[in-house]
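What follows is a single structure, written as structure tokens, with notes after it.
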2 protein chains.
Amino acid sequence: MTIHILLVEDQTIVRNGLKMILEQDEQLQVVAEASNGIEALSQLECHHVDLVLLDIRMPEMNGIEAAKHMKTKFPNLKIIILTTFDDDEYAYETLKDGANGFLLKSSEPEKLIGSVKSVMNGGLVIQEDIAAKLMPKLFKQSIRRERDDMDIPLTEREIAIVQLIGEGKTNKEIANSLFLSVGTVKNHITNILHELNLRDRTQIAIYAIRNELV
Amino acid sequence: MTIHILLVEDQTIVRNGLKMILEQDEQLQVVAEASNGIEALSQLECHHVDLVLLDIRMPEMNGIEAAKHMKTKFPNLKIIILTTFDDDEYAYETLKDGANGFLLKSSEPEKLIGSVKSVMNGGLVIQEDIAAKLMPKLFKQSIRRERDDMDIPLTEREIAIVQLIGEGKTNKEIANSLFLSVGTVKNHITNILHELNLRDRTQIAIYAIRNELV
DNA sequence: CATTCACAATGACTTAAGTCATAAAAAGCA
DNA sequence: TGCTTTTTATGACTTAAGTCATTGTGAATG
């Protein structure tokens, strides 16, 4: 089965070099090329592409932006990011947007081919040295989780109960402090679980804290 | 250049299957086999091995332990972990100990071969679905690193369970992902509750989040 | 005016959680 | 070496949690 590749790289010489390397393997076929993100997106419209080799540094639209748009439009598309050594600043952002691999441009030819196949088989390929640099960045990234004030699909009463669960109260305690019967509390909880798509009070407690209800 | 492989897997049939697959590629050669961690280590002493394919679930000494010992003795050795679907709990531990890849046993043969070569070329190969499960764990791990030794009066095992409760898992799920019986999980929880002076799993979940264990 | 929705309640169930006694292997330490 | 802690396991319990059907308010919305 042939793997159809879109090659996105602004430096023509490098691009040709990559093409040569890739097509040494008869399974791999470069069906389209582009020199920036915008071009790449329009190429995707008119060619069937399995995998994109994407340079990070590019004019017009850079690799990160491009990757994001691509994955939105073609979720099944595989994307391998090509980086030079000092691009790692940008690189980690693409992970969130679903890049399937990172490769140094200075890689051995076989590594490139191997990685393409590996990614097509569903793998995530990260070059060792990049991985080392990337990991700490990913960590930092995940700390700054911004919360958009999402609306909670619950009634007042239900929220009150969610909060008390989030404080670790039992049904009996909740019933007492809200002047309800335990049965009523249970009913509310059953409703909450359905509405929030959760399984038990523990998950409700987690929800409460994560949504800053407690 | 031939890649010398040590195959570690307790189920003989599976092991033979893997061997067959690997040796379809004439670059790959299985030079030794073992059915548990201890055997594997002694095999490493008497054969030149480039890469180890290591099952996580094994009698005597499991994959994690084995990987740790191997990397200590042979830092240049490449290790690919073979997992089933719900082993992810253990999987991330091996990353720290220097595993170079994770593969599902249910993988396609080509994926296996591709990954072996990819790893030998210095890559880190993680299967997509595992990667997805693994990443958030890695994030948490590193965030925690900052204020590392907080006074949590729990054993390693207990902390692992607290974390899983903090993710909203049931006892059954916890048991599965830690390879324990449900009864054992319950026992641990009873101990945790006493040690932390809490009442039920919901309060444990709250504790886990508040103490940034999750 | 009828209908929808939030809220409260009961009873009869099923099941996940948690307790407790007991046991035993493995790891670490004195 | 012997002692302690950690880890795992089982079985027999008790109880809190959660489901479901059904009933009934009052308030709001159309």
Side-chain angles (χ1 to χ4, degrees), chain A residues 151-208, chain B residues 36-38 41 56-66 68-69 72 86-87 89-90 93 97 151-208:
Chain A
D151 46 340
I152 297 154
L154 298 177
T155 66
E156 253 183 89
R157 227 4 166 355
E158 288 167 343
I159 289 177
I161 290 177
V162 168
Q163 287 172 333
L164 290 168
I165 292 176
E167 290 169 18
K169 302 286 169 66
T170 63
N171 288 342
K172 200 173 173 186
E173 288 170 336
I174 294 171
N176 281 332
S177 80
L178 295 180
F179 305 112
L180 300 174
S181 76
V182 176
T184 303
V185 175
K186 287 183 180 179
N187 286 336
H188 279 303
I189 289 176
T190 297
N191 294 332
I192 292 166
L193 292 173
H194 284 143
E195 278 161 278
L196 297 182
N197 239 311
L198 300 175
R199 195 171 41 189
D200 51 41
R201 73 195 294 99
T202 305
Q203 294 192 344
I204 294 180
I206 294 167
Y207 174 93
Chain B
N36 64 58
I38 295 170
L41 283 166
I56 279 203
R57 277 190 159 153
M58 279 183 313
E60 302 295 330
M61 185 195 279
N62 70 22
I64 300 147
E65 279 303 302
K68 205 179 297 181
H69 284 101
T72 311
D86 4 77
D87 290 358
E89 194 43 44
Y90 276 146
E93 283 191 24
D97 306 328
D151 44 327
I152 297 165
L154 299 176
T155 66
E156 252 185 87
R157 228 0 164 357
E158 288 167 344
I159 289 177
I161 289 177
V162 168
Q163 288 172 333
L164 289 169
I165 292 176
E167 290 169 19
K169 302 284 170 65
T170 63
N171 287 342
K172 200 173 173 185
E173 288 170 334
I174 295 171
N176 280 332
S177 80
L178 295 180
F179 308 121
L180 299 176
S181 75
V182 176
T184 303
V185 174
K186 287 182 180 181
N187 286 337
H188 280 303
I189 290 175
T190 297
N191 294 332
I192 292 166
L193 291 173
H194 284 144
E195 278 161 280
L196 297 182
N197 238 310
L198 301 175
R199 195 170 44 191
D200 52 39
R201 75 195 294 94
T202 305
Q203 295 192 343
I204 294 180
I206 295 166
Y207 175 92

Of the candidate nucleotides [options], which contains the atom at the shortest distance from the side chain of [X]?
X	options	answer
A:Leu180	C:dA9, D:dG18, D:dT6	C:dA9
B:Thr170	C:dA17, D:dG18, C:dT19	C:dA17
A:Ser181	C:dT10, C:dC7, C:dA17	C:dT10

Provide, to the nearest angstrom, the distance between the [atom1] atom belonging to [X] and the [atom2] atom belonging to [N].
X	N	atom1	atom2	result
A:Ile189	C:dA16	CD1	C1'	14 Å
B:Lys172	C:dA16	NZ	P	7 Å
B:Leu193	C:dA17	CG	C1'	10 Å
B:Lys186	D:dA12	NZ	P	13 Å
A:Glu173	D:dA16	CD	C1'	12 Å
A:Glu195	C:dC5	CD	P	11 Å
A:Ile174	D:dA17	CD1	C1'	11 Å
B:Leu198	C:dT19	CG	C1'	16 Å

Under 4.0 Å between a side-chain N/O of [X] and OP1 or OP2 of [N], yes or no?
X	N	answer
A:Asn171	D:dA17	yes
A:Thr184	C:dA9	yes
A:Thr155	C:dA6	no
B:Thr190	C:dC20	no

For this session: Measure the CG-CD1 distance between A:Leu180 and A:Ile161 for me, rounded to the nearest 0.5 Å.
Result: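 Here the rounded value is 6.5 Å.
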For this session: To the nearest 0.5 angstrom, please state how far the CD1 atom of B:Ile38 sits from the NE2 atom of B:His69.
Result: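 B:Ile38 CD1 to B:His69 NE2: 9.5 Å, rounded to 0.5 Å.
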Exercise. Minimum heavy-atom separation for B:Gly166 to B:Ala208, with atom names?
Worked result: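 Minimum heavy-atom separation between B:Gly166 and B:Ala208: CA-CB, 4.0 Å.
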For this session: Taking all heavy atoms of B:Thr202 and all of A:Ala205, pick out the closest pair and write down the distance.
Result: CG2-CB, 3.5 Å
For this session: Would you please test B:Arg201 and B:Ile189 for side chain to side chain contact (heavy atoms under 4.5 Å, CB included) and show each step?
Result: CA-CA 8 Å; B:Arg201 75 195 294 94; B:Ile189 290 175; 3.5 Å; yes
Exercise. Does B:Glu158 use its side chain to pair, donor to acceptor, with the backbone of B:Ile192 at less than 3.5 Å?
Worked result: no
Exercise. Are the side chain of B:Asn171 and the backbone N or O of B:Ile174 linked by a donor-acceptor pair below 3.5 Å?
Worked result: no
For this session: Carefully, step by step, assess B:Leu154 and B:Leu196 under the rule side chain to side chain contact (heavy atoms under 4.5 Å, CB included).
Result: CA-CA 9 Å; B:Leu154 299 176; B:Leu196 297 182; 4.1 Å; yes
Exercise. In B/S/- notation, 5' to 3', how is nucleotides 22-30 of chain C contacted by protein heavy atoms closer than 4.0 Å?
Worked result: ---------
For this session: Report which part of the nucleic acid B:His188 touches: base, sugar-phosphate, or nothing (heavy-atom distance under 4.0 Å, all strands).
Result: base
Problem set entry | Within residues 181-192 of chain B or reaching into it, pairs that qualify as side chain to side chain donor-acceptor pair (under 3.5 Å) - sequence neighbours excluded |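 Checked against side chain to side chain donor-acceptor pair (under 3.5 Å) - neighbours excluded - the pairs reaching residues 181-192 of chain B are B:Ser181-B:Thr184.
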Seminar exercise, completed: Walking DNA chain D from its 5' end, the first of B:Glu158 and B:Val182 to be reached, judged by nearest nucleotide, is B:Glu158
Quick one: which protein N/O atoms are closer than 3.5 Å to N/O atoms of nucleotides 28-30 of chain D? Pair and distance per line, please.
none

For this session: Show the numbers, then the answer: is there a side chain to side chain contact (heavy atoms under 4.5 Å, CB included) between B:Leu178 and B:Leu164?
Result: CA-CA 10 Å; B:Leu178 295 180; B:Leu164 289 169; 3.9 Å; yes
